[in-house]
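Just the heavy atoms: all of them, side chains too, but no hydrogens, waters or symmetry mates, feed the values below.
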Amino acid sequence: TDTQKKGGVRLDYQLSTNTRIMGKVSRGVQNQPMVPGNTQTYPSAVGTNREYNDERTFNFTQVISNKAVNEIKGGEAVFGLANRNLTTWSNHWQKADGINTGSPRITFRGFTIGGNQNYPRHQDQWVWNVRDDFTYSYDAKGRHDVRLGGEFLHRHQIQDNCRQCMGTLQANGIAAPTADQMQAWFPDPFNADTWNLNAISPWVTTYSIGIGDFNVHLRSKKIAAWLQDDWNLSDRLTLNLGLRYDLAVNAFANNITVQPFQQAGRPNDTKNFQPRLGFNYKADSRTVIRGGAGLYYGDALGADQSFATGNAQIVVISYPNNGRADFAANPATGALPTYAQALTRFCYANNNAPGCLVRSEEHTSELQSRFGISYAVFCLK
């Protein structure tokens, strides 16, 4: 059963003939105890989903005179989600952190077993903002309606994706298992403890596993200002003259270092001045011609910051199959290295020592086909 609950309350109050205020709060929660697993059809891909959103906003409007109006807006928008697999696994690589759901991801030719490679995960985001809009009208060689405004937004997001922490086995040496093999190797799709991973060791080429601190904090700020003059020159012609400025601070994880690709201290883009021009011309009683031109900048997305930040504290180690009979169940022959230990094995950090690790890009079929994104991975050199 998919359950959704939504509610809210709003209050409008007129303080005087020239001043009014508005306040509003709302909340929505969605619970899905079972959701399908992306493009996979095996039962272990099934997971859960919970989402919530909270909004709080206020509006203060003041009529200063018969020529001027000022409006102040502010508020906070909150959003979060949480996902986990329904399959249990007492030997999860992150069991020390209390994780006991999920399973190893196994990729055969044309068939995949396992849950979303980011599960379990939770994300929480808080964005608060304040904005001011001032309008002033006057006459000077025609009528002018001038709008002046500015806005500030602050974003904080916790992105706790357990990226690749279940491990992925590339079993490219065999096609999709037969029904008998599936029953023998994976008798209970919702209990990974029953899976016989050693049985597929001869066909596994690599085992990739994510390590590090999966709790990623993201912070950024956005500042904007604008000025527009709607100039009514005559009954026939109106010009729209405007200028907008946008500044995004730390939108690309500017202070994050990911060796050897990027260094901290990268500057913000401070040149986003955007002139705008529009017109409205009344040719006759039946014809109006409108047009305009301007310079516009695209907004920075959260993913631009999240992957750069996450790659500074999360890596994926890829183990090649060394021929051991228990490789699929125990690729590391013991405990995994810590993130700090892995850093010392970088080729750029240890002067290309034998067996050093190279940081490169690996595209997974699921993420690349659905979202067109990649992530950092260690490979044996």
Side-chain angles (χ1 to χ4, degrees), residues 7-27 53-79 125-156 219-249 251 268-282 288-300:
V9 60
R10 169 174 170 157
L11 173 66
D12 291 84
Y13 187 70
Q14 186 158 327
L15 297 172
S16 67
T17 55
N18 294 333
T19 307
R20 67 174 58 186
I21 60 173
M22 183 276 290
K24 181 174 67 172
V25 296
S26 59
R27 178 175 175 80
N53 58 277
D54 297 311
E55 297 85 27
R56 293 173 283 272
T57 183
F58 75 90
N59 192 327
F60 177 80
T61 304
Q62 185 177 23
V63 178
I64 301 173
S65 68
N66 61 353
K67 294 185 176 182
V69 176
N70 193 65
E71 186 176 29
I72 301 174
K73 301 177 181 178
E76 183 183 38
V78 183
F79 172 77
Q125 177 178 267
W126 301 266
V127 179
W128 65 265
N129 78 302
V130 61
R131 167 176 175 158
D132 185 84
D133 286 283
F134 177 73
T135 303
Y136 185 75
S137 301
Y138 66 96
D139 294 320
K141 296 184 178 181
R143 178 179 174 83
H144 295 262
D145 292 315
V146 179
R147 295 173 176 85
L148 174 67
E151 185 172 29
F152 174 78
L153 294 94
H154 180 276
R155 168 178 168 264
H156 175 209
R219 291 180 173 85
S220 61
K221 300 178 178 66
K222 294 181 180 180
I223 303 168
W226 54 86
L227 172 65
Q228 179 170 316
D229 182 7
D230 295 331
W231 184 8
N232 192 341
L233 288 164
S234 66
D235 293 338
R236 288 180 174 269
L237 179 63
T238 299
L239 296 180
N240 311 111
L241 309 174
L243 177 65
R244 180 183 174 94
Y245 177 76
D246 284 290
L247 173 64
V249 180
N268 297 303
D269 182 3
T270 60
K271 301 178 181 180
N272 294 334
F273 291 94
Q274 303 155 80
R276 313 282 172 84
L277 170 66
F279 71 90
N280 184 319
Y281 178 70
K282 182 180 178 181
V288 175
I289 302 173
R290 297 181 176 89
L295 182 62
Y296 300 83
Y297 289 91
D299 196 9

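- A distance of 11.5 Å separates NZ of Lys221 from CG of Leu153, quoted to the nearest 0.5 Å.
- Between Glu55 and Arg27, the shortest heavy-atom distance links the atoms OE1-N, 4.4 Å.
- In terms of modelled atom types and a separation under 3.5 Å, the side chain of Thr135 and the main chain of Ala68 share no donor-acceptor contact.
- Salt-bridge formation is detected for the pair Asp145/Arg143: a Lys NZ or Arg NE/NH1/NH2 atom is positioned less than 4.0 Å from an Asp or Glu carboxylate oxygen.
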Residue pair Thr61, Asn59: steps toward the side chain to side chain donor-acceptor pair (under 3.5 Å) verdict: CA-CA 6 Å; Thr61 304; Asn59 192 327; 3.2 Å; yes
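- Closest heavy-atom contact between Lys282 and Asp235: CD-O, 4.3 Å.
- Rounding to the nearest 0.5 Å gives a distance of 5.0 Å between CG of Asp230 and CZ of Arg147.
- Ring geometry, His154 versus Phe152: the interplanar angle falls from 30° to 60°, so the pair is classed tilted.
- A 4.5 Å side-chain heavy-atom check between Ile64 and Phe134 finds at least one atom pair inside the cut-off.
- The heavy-atom pair separating Leu233 from Lys141 by the smallest distance is CD2-O, 3.9 Å.
- Counted within 6.0 Å of CZ on Arg20, heavy atoms from surrounding residues, nucleotides or ligands total 12 or fewer; the atom is thus considered open.
- If you take CZ on Arg131 and OG1 on Thr57, they are separated by 11.0 Å, rounding to the nearest 0.5 Å.
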Test log, rule side chain to side chain contact (heavy atoms under 4.5 Å, CB included), inputs Phe58 and Ile72: CA-CA 8 Å; Phe58 75 90; Ile72 301 174; 4.3 Å; yes
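- Under the 3.5 Å distance criterion, with hydrogens and angles disregarded, no donor-acceptor pair is assigned to the side chains of Asn240 and Gln228.
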Intermediate values then yes/no, side chain to side chain contact (heavy atoms under 4.5 Å, CB included), Val78 and Arg56: CA-CA 9 Å; Val78 183; Arg56 293 173 283 272; 3.7 Å; yes
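- Atom OH of Tyr296 is surrounded by more than 12 heavy atoms from other residues, nucleotides or ligands within 6.0 Å.
- Using modelled atom types, one side-chain atom of Arg276 and one backbone atom of Leu295 make a donor-acceptor pair closer than 3.5 Å.
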Audit row: Leu247, Asn272, side chain to side chain contact (heavy atoms under 4.5 Å, CB included) steps and yes/no: CA-CA 7 Å; Leu247 173 64; Asn272 294 334; over 6 Å; no
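- When all heavy atoms are compared, the tightest approach of Asp246 to Ala224 is OD1-CB, 3.3 Å.
- Between Tyr245 and Phe273, the angle of the ring planes lies from 30° to 60°, which puts this pair in the tilted group.
- Judged as a side chain to side chain donor-acceptor pair (under 3.5 Å), and not counting sequence neighbours, the contacts of Asn129 are Glu151.
- Of all heavy-atom pairs between Trp226 and Asp132, the closest is CZ2-O, 4.3 Å.
- To the nearest 0.5 Å, atom CG of residue Leu243 and atom CG of residue Asp229 are 12.5 Å apart.
- From Gln14, atom CD reaches atom OG1 of Thr19 across 8.5 Å, with rounding to the nearest 0.5 Å.
- Using a 4.5 Å heavy-atom cutoff, the side chains of Tyr138 and Val146 are in contact.
- To the nearest 0.5 Å, atom CH2 of residue Trp126 and atom CZ of residue Arg219 are 9.0 Å apart.
- When every heavy atom of Asn268 is checked against every heavy atom of Val249, the shortest pair comes out as OD1-CA, 3.7 Å.
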